[in-house]
Amino acid sequence: MEKRQFQTESKKLLDMMINSIYTHKEIFLRELISNASDAIDKRYFRSLTEPETGLNRDEYEISISADEPSRKLVISDNGCGMTREELENNLGTIAKSGSLDFKSENAAENVDIIGQFGVGFYSAFMVAGKVTVVSKVYGAEKAWKWESEGVDGYTLDECDKDGVGTEITLYIKPDSEEEDYCEFLEPYSIQRLVKKYSDYIHYPIRMDFEVNKPVEGKEGETEKVIERRTLNSITPLWKKPAAEISEEEYNNFYTSKFMDYEPPVKVMHYKQEGTVEYTAMLFIPSHAPFDYYSKSFEKGLQLYSSGVMIMDKCAEILPDYFSFVKGLIDSSDISLNISRETLQQDHQLRTIAKAVEKKIKSELAKLMETDREKYEKFFRAFGSQLKFGVYSDYGTHKELLQDLIMFMSSNDMKYTTLKEYVSRMPEEQKSIYYACGETPEKAMRLPQAEAVKAKGYELLLLTEDVDEFTLQTLMSYEDKKFVNVASDALDLASEEETKKLKDENESAKELLDFVKESAGGLHDVKYSATLGKHPAAISSEGGMTIEMARVLSKMPDADSQLSASLVLELNGEHPAVQKIKELFSSDRDRCAKYCKILANCARVSSGLEIENPEEFGELVGELMV
Ligand code: ADP
């Protein structure tokens, strides 16, 4: 008999399974049962259009039998089965599922991979030394038998089988000092595992139990009889009343169905009654999937029509800003044969989508109030998406999202909401101030930020690209406008001070023009009253702030003309500025050099780059000797 080889990747995975140190070996059963259930789904779907290929709905089942003496565990289904080619392609290679983008060959590091992806059929080799798969498809005369003892390869032979479907036999490994495998042959532990992992599988999972029964008519006597039991509750978990579901059940359901290794931060399970009736079971993950912020991520909820899944990822039902939500909607009001094309016009679905959006929002708001720590964990993972949601679609959703977003506060370097910020504002504070920087600490060190702090005002510290665009879209919160401290919108000075400054600027016009000319690259130079200990700082004039120009110029299709109108603000009281004033009348050459140095220092303290570092280095060197 010819032995076939596994594909390289399959071999690696197989090897990993065989030598697995993974403590949850028991998940192999869940994997095989899910495969069986999928196979029945496939046969059922096909029979909707070709009735002769299927069975009556109540005839479908997954059957388990265990025999301790021969150490055989058999899992069979009457699903679609596999042809010879399918056996070869599906079990000889691991092409699909993307499960296998794993890099490391180190078993210890692979533990997480098993947990994260669910590795399907090969997990059988964690508990079995040999696996036999006998499968038959509708219309075929013969069945095919696939058999493997692990990495050495597998064999494929024709054989006989009653009925369409697949029968998988696991030859359970012998017990050893380190590991007991016999629980996988013990009916009550199998029952426990099915309950734990596969309770919501919507086909009956059945197994025979040997039980002692009283003999009828003979008091006190019992006899052994075989009783066939259904191990799972079949009713989908979401159809059970929420009060009857434990946290562990929700978590198991979530982690196995949505391939996550961490329980969600929030579960929303509710039944909506009214014009459109549906049950929703939604989860907010506690961390972003590895591909969340990439193009390959697909959002969507599963769509069920009366317990039958009709779509895996229905994107229409979930707005982009809540794309991290996982879960399902089950409604008898959605027709079974809804297609992608008709989805958008579907009135029922639109109604559901609206209600789901409202629900997610209110639950997030509730989470923020009741469990701040969890909310912050959530926000660290998905906050950018919410902020992006405020900004996108021309701010259409800003009302919905503005109370869910948070920024770092200069008060305690912790997250604050806009509402909290405003509630702390002293009466005379006119605006909500923010500073931008690579990190909250850097933002706080901006010269202008220090001035705002010195006034006793709080600042929002913006560190993400989307942040300022979010605030600009909001424009104001509770009638307080947002002000970038490094811009001409900064309004700290009193009317009197402003007037005084204006006069000063006018009378020093000649000097200020000279500074502008000498420093280069500036839109304007003026005195400012809000620089504290700093001699100078850079701010922007007009709508384009320094931060916005920085973000926009990074875009792939950025306009090279994109830049902020930079203003050099001078602290007239500072000795360095006074020195410039002095040199302006005594030594213009030297004065010009000082202007350059000062402007560059201001750029650095405002988070900008020096345009000509070489020249700057020379100038400073000259100054030092
Ligand atoms: P996955 O389920 O992630 O695709 P598996 O390794 O579990 O990966 O299974 C590979 C493929 O083998 C499945 O996609 C399916 O096409 C096929 N398969 C597995 N078990 C069965 C079964 N009981 N009946 C029919 N096909 C099956």
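Read the numbers this way: they start at 1 and go in the same order the structure lists the ligands and their atoms.
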Open item on the list: Does the plane of the ring in Y375 sit parallel, tilted or perpendicular to the ring in F379? Use 30° and 60° as the thresholds.
Closed with: parallel

Task: Mutual orientation of the aromatic rings belonging to Y254 and F283 [parallel < 30°, tilted 30-60°, perpendicular > 60°] - done: tilted

- [ ] Name the option, out of T166, D77, N35, that contains the heavy atom nearest to atom 7 (O) of ligand 1.
- [x] N35

- [ ] Would you mind running through ligand 1 and noting each atom that sits below 4.0 Å from a heavy atom of M82?
- [x] 17 (C), 18 (N), 21 (C), 25 (C), 26 (N), 27 (C)

Open item on the list: Below 4.0 Å from ligand 1: does a non-hydrogen atom of E31 turn up there or not?
Closed with: no

TODO: Evaluate whether atom CG of N56 has more than 12 neighbouring non-hydrogen atoms of other residues, nucleotides or ligands under 6.0 angstrom away.
DONE: yes

Task: Heavy-atom nearest option to atom 25 (C) of ligand 1, drawn from A39, S37, S34, A36 - done: A39

Open item on the list: When you compare ligand 1 with N90, is there at least one nitrogen or oxygen pair between them that comes in under 3.5 angstrom?
Closed with: yes

Task: side-chain hydrogen bond (donor to acceptor under 3.5 Å, both in side chains) assessment of D41 paired with Y203 - done: CA-CA 9 Å; D41 272 344; Y203 301 103; 2.7 Å; yes

Task: F121: numbered ligand 1 atoms lying under 4.0 Å from its heavy atoms - done: 5 (P), 6 (O), 7 (O)

TODO: Please determine if D371 and K377 form a salt bridge, counting it only when a charged side-chain N lies under 4.0 Å from a carboxylate O.
DONE: no

Task: Salt bridge flag under 4.0 Å for residues K239 and D330 - done: yes

- [ ] Decide whether the shortest distance between a heavy atom of K42 and an atom of ligand 1 is less than 4.0 Å.
- [x] yes

